[in-house]
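The next block holds one structure in the form of structure tokens; read it before the comments.
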Protein chains: 2
Amino acid sequence: MPKRSPAATLDDIALHAQVHKTTASRALDPARRHMISPEVVRRVEAAARALNYRVNRAASALRTGRSGTVGVLLPDITNPVFPPILRGIEQALAAEGFFVMVADTGHEQSPDEAADRMLAQRVEGLIVATSSLRDPLVRRLSQDQAKVVLVNRRDEDGLLPSVVSDDILGMKLAVDHLVAQGHRRIAHLSGPLGLSTGALRKAGFEQALAAHGLQAAGHAECTAYSFEAGEDGARRLLDAGASFSAVVAANDLLALGAIQALQAQGRCVPDDVSVVGHNDMPLMDRVFPALTTVRILHYEMGYRAARLLLDSLRGVPGTTSTVVLRPELVVRGSSAPPA
Amino acid sequence: MPKRSPAATLDDIALHAQVHKTTASRALDPARRHMISPEVVRRVEAAARALNYRVNRAASALRTGRSGTVGVLLPDITNPVFPPILRGIEQALAAEGFFVMVADTGHEQSPDEAADRMLAQRVEGLIVATSSLRDPLVRRLSQDQAKVVLVNRRDEDGLLPSVVSDDILGMKLAVDHLVAQGHRRIAHLSGPLGLSTGALRKAGFEQALAAHGLQAAGHAECTAYSFEAGEDGARRLLDAGASFSAVVAANDLLALGAIQALQAQGRCVPDDVSVVGHNDMPLMDRVFPALTTVRILHYEMGYRAARLLLDSLRGVPGTTSTVVLRPELVVRGSSAPPA
DNA sequence: CTGAAAGCGCTAACAA
DNA sequence: TTGTTAGCGCTTTCAG
């Protein structure tokens, strides 16, 4: 078999184009090309094409300390909220020539370990969607002076910049909608309270009820943002004898699980019980009944998080801010006035 | 603000542990640790911990030519088939200490450009889910002698190793099911015929019909694997005056779009027309009507693709194979005997 | 078992 | 505008 020719280096180009490799390096870098005469640029580019040259980013990363990569820590890419976030991140970064290294830190790997390995890879920054409210990882990372942005999560002390949806407002939209429909006995299916989304949405739910002079007709904390956890949570709510005409879930999957549990007990949605979700994940308009939910701009969330990180890498000051995006209510078939 | 202390290097460790940096390097590498006395290993490890040392992978990549990264090219991560594939890839690679660099090559970036940039990053291999049947990218990559595995796609000439579902069998399962229910006039909504999935599923559909002595009751090619494209395709089928009691779509999103189009024309699914999808994407059991579909093992597909690539990187011979996974039929509410 | 030397490919600093 | 020199941090010889 034909021996694999080793990749061309700057020295090869220099030889071919009859210039010094430094000159070649400059000629190939748009940012430094202006120092070089057009004629030489032309020759170097021709040589680069002829030899199928590609910079060795490993080498330039070593020299410059910039790898052109950013790490993204996700708890579970198969959870439908994350793909659009990742897409937003990826597009914002790709536009600036950066690459995304993803780690799905669900089962095998711990986020800490993954973060460590990524820092060893010399990612220039980290976007974290896995952190809980008081997360030791967050502390460690800020000590390491790593550039970090949280997405769809925030830390308790607000040490780190983050991009989130306005969870308080989101729950207010849901509650106001149900109250306007005439509901008075409204229960809540919360996410894990160790996550900022879980805690904030629960708080938002209670605040919104209080504003109407109401109290929660029941609450169950779900252990994860999954269909099964929602099913289980709703079952616990029912078993506890809670009486409610509507449920606000902290997440669409929880809402779907709740609908399943309600239907299993012979309750009809929305005739007997209204259900409102949160996120407006894809296909929520196609499930049955179509889910009334709070839409979050996931793509935008990812995009903004990446922009925030890029700004911080460029040393733009004042980037320790938190971006809060405004959610909106999407009314569909799963909510209706009480019987 | 406190000046950021530069990351510790092997020299720092060497100094701290009173050994040569070569020794430190060996002591920290499990694969070479055995050359070093336990006492020295202990000292080096202590120093590493004390100084919060992390290898600089950029440096070791430069030295060894191995970056510990693999590139993944996806057409659209928000398409629900890809997250489980990506997850499978990620888990297989993470288990071997590799990282995944993703590029979503939908709009902004072309796959070619992304592949080039990834090769510049010195990824050790590429997993490609974007390629069409005769893709110049594929040719280029094989010329570059880059290590490449296709996933959920194959190339026309079978030059590259790939992991796919058995599309012919999948369509046979769908058709056999409908025929068994009594359907005789069955139409096909294909994916883009430039993709291997589009072409093979169409072929499988026709073969399966022929085996029953039947012919297609109509066919429309959809321009993409999306809800809208399915809606449009079904509309074209109807406008063309095709008469059918069942439709087999090459993809679940196409099937959902088709259901939408059928319902818009006042046809009921499954009473008037049965619809079968392909992929069994998440939530297909929750849409209305719940979708009968051909289940593909996406996670496994990704996992196997990554394993194939890893084997090839390790120089295991005979890795130019194609892995074909067996799909299964999942019968739900969208298919029923014809009226 | 440990150390010395060299060099992967690149770019920043300095010199001409 | 171009060239020279040096060195980023690591690992692989080769020598002790």
Side-chain angles (χ1 to χ4, degrees), chain A residues 5-45 47-48 51-69 97 117 119-124, chain B residues 5-45 47-48 51-69 97 117 119-124:
Chain A
S5 55
T9 72
L10 271 184
D11 275 317
D12 299 327
I13 306 256
L15 205 64
H16 193 102
Q18 314 256 51
V19 293
H20 193 266
K21 67 171 167 182
T22 304
T23 306
S25 172
R26 290 180 181 130
L28 291 173
D29 177 359
R32 288 177 298 152
R33 215 203 302 290
H34 63 89
M35 305 172 162
I36 306 295
S37 73
E39 158 60 11
V40 169
V41 168
R42 205 192 48 66
R43 250 165 45 219
V44 170
E45 281 184 332
L51 302 179
N52 195 20
Y53 173 77
R54 268 187 283 259
V55 263
N56 185 330
R57 297 288 270 119
S60 68
L62 177 57
R63 178 65 236 241
T64 64
R66 276 171 284 108
S67 64
T69 61
R117 287 176 51 223
L119 292 173
Q121 287 279 0
R122 293 304 189 265
V123 295
E124 295 187 41
Chain B
S5 56
T9 72
L10 272 185
D11 276 317
D12 299 328
I13 307 251
L15 204 65
H16 193 102
Q18 314 257 52
V19 292
H20 194 266
K21 67 171 168 185
T22 304
T23 307
S25 171
R26 297 202 261 245
L28 292 173
D29 178 0
R32 287 177 298 154
R33 214 203 303 291
H34 62 90
M35 305 173 162
I36 306 294
S37 73
E39 158 59 12
V40 169
V41 169
R42 205 194 48 66
R43 254 170 37 223
V44 170
E45 280 183 333
L51 302 180
N52 195 20
Y53 173 77
R54 267 187 284 260
V55 262
N56 185 331
R57 298 288 271 115
S60 69
L62 177 58
R63 179 66 237 242
T64 64
R66 274 171 286 108
S67 64
T69 61
R117 287 176 50 223
L119 292 174
Q121 288 278 1
R122 293 305 189 264
V123 295
E124 296 187 39

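Convention: sequence-line order gives letters A, B, ...; per-chain numbering from 1.
Residues B:A14 and B:H20 share a closest heavy-atom pair of CB-C, 3.8 Å. A pairwise comparison of heavy atoms in B:I13 and B:A47 identifies CG2-CB, 3.9 Å as the closest pair. Heavy atoms only, all atoms of each residue included: B:Y53 and B:T9 are closest at CE1-C, 3.6 Å. Across all non-hydrogen atoms, the minimal contact from A:A27 to A:I36 is N-CG1, 4.1 Å.
For A:R66, the CZ atom counts as loosely surrounded, since its 6.0 Å shell holds 12 or fewer non-hydrogen atoms of other residues, nucleotides or ligands.
Each end of the helix from C:dC1-D:dG16 to C:dA16-D:dT1 gets its own axis, taken as the rotation carrying the C1' atoms of four end pairs onto the next four within a five-pair window, and the two axes meet at 30° to the nearest 10 degrees.
Counting any heavy atom pair closer than 4.0 Å across all strands shown, A:R57 reaches no nucleic acid atom.
When atom types are taken as modelled, the side chain of A:R26 and the backbone of A:R33 share no donor-acceptor pair closer than 3.5 angstrom.
Taking atom CG of B:D29 as the reference point, atom C1' of D:dG9 lies 15 Å away to the nearest angstrom. Rounded to a whole Å, the CD atom of A:E39 is 13 Å from the C1' atom of D:dT1. The distance between atom NE2 of A:H34 and atom P of D:dT2, rounded to the nearest whole Å, is 13 Å.
Distance NZ/A:K21 to CG/A:L15: 12.0 Å, rounded to 0.5 Å.
For B:S67, the side-chain hydrogen bond (donor to acceptor under 3.5 Å, both in side chains) partners at least two apart in sequence or on another chain are B:T69.
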- Do nucleotides 2-9 of chain C as a string where each nucleotide becomes B, S or -: B if the base has a protein heavy atom under 4.0 Å, S if just the sugar-phosphate does, - if no protein is that close. BBBBBBBB

